[in-house]
*Asks:* 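Take a look at the following structure, please.
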Amino acid sequence: GSLTGAAEYFFISKSNHILSIKLFGGGQNINGKDYRGVLYSSIVGEFTIPEVIRTDMYILGGGVTYSYSLNNVVFPYLGFGLSFLDFSPKKDNGELAINNSNGVYTKNTISWDIEAGLRFPISDKLGLQLKGGLHFLNTDYIDDIAVGSHNDLYSSFTIGFSYSFFGNRDSDGDGILDSDDNCPDEPEDFDGYQDFDGCPDSDNDLDGILDINDKCPDEAEDFDGFQ
């Protein structure tokens, strides 16, 4: 099980491609089973491996995410991150696992994280998120036992909700949301020329004469010496 939270910032995009950065943290519990029975350690001697190991973890990390909008109905995404873990393997009865209780290893490490998921907007501010992840650890003791030459990894699957405290803004108050506004800090002038790009058009026909002084704002002056 897990209880985690994240703060994510989405860069303004004028396309279906969306980039974001995030910070996350919380607690997780992962479970594993081991049927090897009795092993020998040079530190603690012969010992029996519990069939079930439960590892409590506290996590703090950050990452970057790439999303793609499918008609603003669903947003598949892929993320990469780095997190710092404090972990404590325990037996099924809640007691510290043997190597944990004997201080065989350092109980903090880093994890390289890869996750993929889907975001579903429910409203302008509320969304549903489904994601799965692989977490590559810099330790072989996440389950209290070091075996082989490779470090541990674990997988995760999460269902959660997201809430936007800011939502899609309209910074210049022209009625065009910043995500669709090519000039989010300059209000559209709604003069009948390209009124939906969000940018004011002071010289529609690009003849160098401002529209307010141009008797034919949509027809360029020919500068032939007459009028």
*Asks:* Hey, could you give me the OG1/CG distance between Thr109 and Asn138, rounded to the nearest 0.5 Å?
*Replies:* 4.5 Å

*Asks:* Give a yes or no on whether Ile122 and Ile159 share a hydrophobic cluster (residues Ile, Leu, Val, Met, Phe, Trp, Tyr; joining criterion: side-chain heavy atoms under 4.5 Å apart).
*Replies:*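 Both belong to a single hydrophobic cluster.
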
*Asks:* Ile110 versus Leu82: any side-chain heavy-atom pair under 4.5 Å?
*Replies:*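 Counting from C-beta outward, Ile110 and Leu82 do come under 4.5 Å.
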
*Asks:* Just verifying a value: how many Å separate Thr139 OG1 and Leu153 CG, rounded to the nearest 0.5 Å?
*Replies:*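 It comes to 12.5 Å.
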
*Asks:* Would Tyr68 and His17 count as having a side-chain donor-acceptor pair, cut-off 3.5 Å?
*Replies:*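 Short answer, no.
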
*Asks:* With the side chain counted from C-beta on, respond yes when Ile59 and Phe24 share a heavy-atom pair under 4.5 Å apart, and no when they do not.
*Replies:*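 Yes. Closest side-chain heavy atoms under 4.5 Å.
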
*Asks:* With a 4.5 Å heavy-atom cut-off, do Asp92 and Arg54 have their side chains touching?
*Replies:* yes

*Asks:* Donor-acceptor pair, distance only, cut-off 3.5 Å: does the side chain of Asn102 make one with the backbone of Val104?
*Replies:*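 Such a contact is absent between Asn102 side chain and Val104 backbone.
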
*Asks:* Any link between Tyr66 and Ile21 through a network of hydrophobic side chains (Ile, Leu, Val, Met, Phe, Trp, Tyr) touching at under 4.5 Å?
*Replies:* no

*Asks:* Compute whether any side-chain donor of one residue and acceptor of the other, for Ser162 and Gln129, lie under 3.5 angstrom apart.
*Replies:* no

*Asks:* Quick check: do Leu19 and Val64 have side-chain heavy atoms less than 4.5 Å from each other?
*Replies:*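 SC-SC contact between Leu19 and Val64 confirmed.
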
*Asks:* Please walk me through it: do Phe136 and Ser111 pass side-chain contact (heavy atoms from CB on, under 4.5 Å)?
*Replies:* CA-CA 5 Å; Phe136 300 87; Ser111 171; 5.7 Å; no

*Asks:* Restricting to non-hydrogen atoms, name the atom on Leu96 and the atom on Lys91 that form the minimum distance, rounded to 0.1 Å.
*Replies:* O-CE, 3.8 Å

*Asks:* Applying side chain to side chain donor-acceptor pair (under 3.5 Å), run through Asn108 and Asp86 and close with a yes or a no.
*Replies:* CA-CA 4 Å; Asn108 50 69; Asp86 185 270; 4.7 Å; no

*Asks:* Taking side chain as C-beta onward, heavy atoms only, is Ile30 less than 4.5 Å from Phe87?
*Replies:*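 When only atoms from C-beta onward are counted, Phe87 and Ile30 do not touch, as no gap falls below 4.5 Å.
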
*Asks:* For a quick test of reading the model, state the closest non-hydrogen atom pair linking Asn151 to Leu137 and the distance between them.
*Replies:*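 Shortest heavy-atom contact: CB-O, 3.2 Å.
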
*Asks:* Do Asp144 and Tyr105 have side-chain N/O donor and acceptor atoms under 3.5 Å apart?
*Replies:*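 Judged by distance alone, the side chains do pair up.
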
*Asks:* Side chains of Arg119 and Ser67: is there a donor and an acceptor less than 3.5 Å apart?
*Replies:*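 Looking only at side-chain atoms, Ser67 and Arg119 do form a donor-acceptor pair, the distance falling under 3.5 Å.
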
*Asks:* Heavy-atom count around Phe157 CZ within 6.0 Å, excluding the residue itself: above 12?
*Replies:* yes

*Asks:* Indicate whether any N or O donor in one side chain lies under 3.5 Å from an N or O acceptor in the other, for Asn29 and Asp56.
*Replies:* yes

*Asks:* Which heavy-atom pair separates Ser20 from Phe10 by the least distance, and what is that distance?
*Replies:* CB-CD2, 3.5 Å

*Asks:* To the closest 0.5 Å, what do you measure between CE (Met57) and OH (Tyr154)?
*Replies:* 3.5 Å

*Asks:* Are Ser88 and Asn100 close enough, and set up right, to give a side-chain contact (heavy atoms from CB on, under 4.5 Å), and what steps lead you there?
*Replies:* CA-CA 7 Å; Ser88 180; Asn100 186 5; 3.0 Å; yes

*Asks:* Which pair of non-hydrogen atoms, one from Thr55 and one from Asp143, has the smallest distance, and what is that distance?
*Replies:*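 Closest heavy-atom pair between Thr55 and Asp143: OG1-CA, 4.3 Å.
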
*Asks:* Side chains of His135 and Ser155 only: does a donor on one sit below 3.5 Å from an acceptor on the other?
*Replies:* no

*Asks:* Can you check ring-ring contact (aromatic ring centres under 6.0 Å, His included) on Tyr163 and Phe161, steps first, answer last?
*Replies:* CA-CA 7 Å; Tyr163 185 83; Phe161 292 93; over 10 Å; no

*Asks:* To check you understand the geometry: which heavy-atom pair defines the closest contact between Ser69 and Ile18, and what is its length?
*Replies:*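 For Ser69 versus Ile18, the nearest heavy atoms are CB-CD1, 4.4 Å.
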
*Asks:* Rounded at 0.5 Å granularity, tell me how far CG in Leu130 sits from CZ in Phe120.
*Replies:*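 Answer for the CG-CZ pair, Leu130 versus Phe120, is 5.5 Å.
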
*Asks:* Is there a side-chain contact between Leu85 and Tyr58 (heavy atoms, below 4.5 Å)?
*Replies:*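 No, side chains not in contact.
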
*Asks:* Write down the atom of Lys131, the atom of Tyr77, and the distance for their closest heavy-atom approach.
*Replies:*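 Minimum heavy-atom separation between Lys131 and Tyr77: CB-OH, 3.1 Å.
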
*Asks:* Mind checking salt bridge (Lys or Arg N to Asp or Glu O under 4.0 Å) for Lys107 and listing every partner two or more places apart, or none if nothing turns up?
*Replies:*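 Result, salt bridge (Lys or Arg N to Asp or Glu O under 4.0 Å) vs Lys107: none returned.
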
*Asks:* Tell me whether Leu126 is reachable from Phe165 by hopping between hydrophobic residues (I, L, V, M, F, W, Y) whose side-chain heavy atoms are closer than 4.5 Å.
*Replies:* yes

*Asks:* Let me check something: do Val74 and Leu128 share a hydrophobic cluster, defined by ILVMFWY side-chain heavy atoms less than 4.5 Å apart, either directly or through other members?
*Replies:* yes

*Asks:* Between the main-chain N or O of Ile142 and the side-chain N or O of Asp152, is there a donor-acceptor pair closer than 3.5 Å?
*Replies:*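 Checking the backbone N and O of Ile142 against the side chain of Asp152, a donor-acceptor pair under 3.5 Å is found.
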
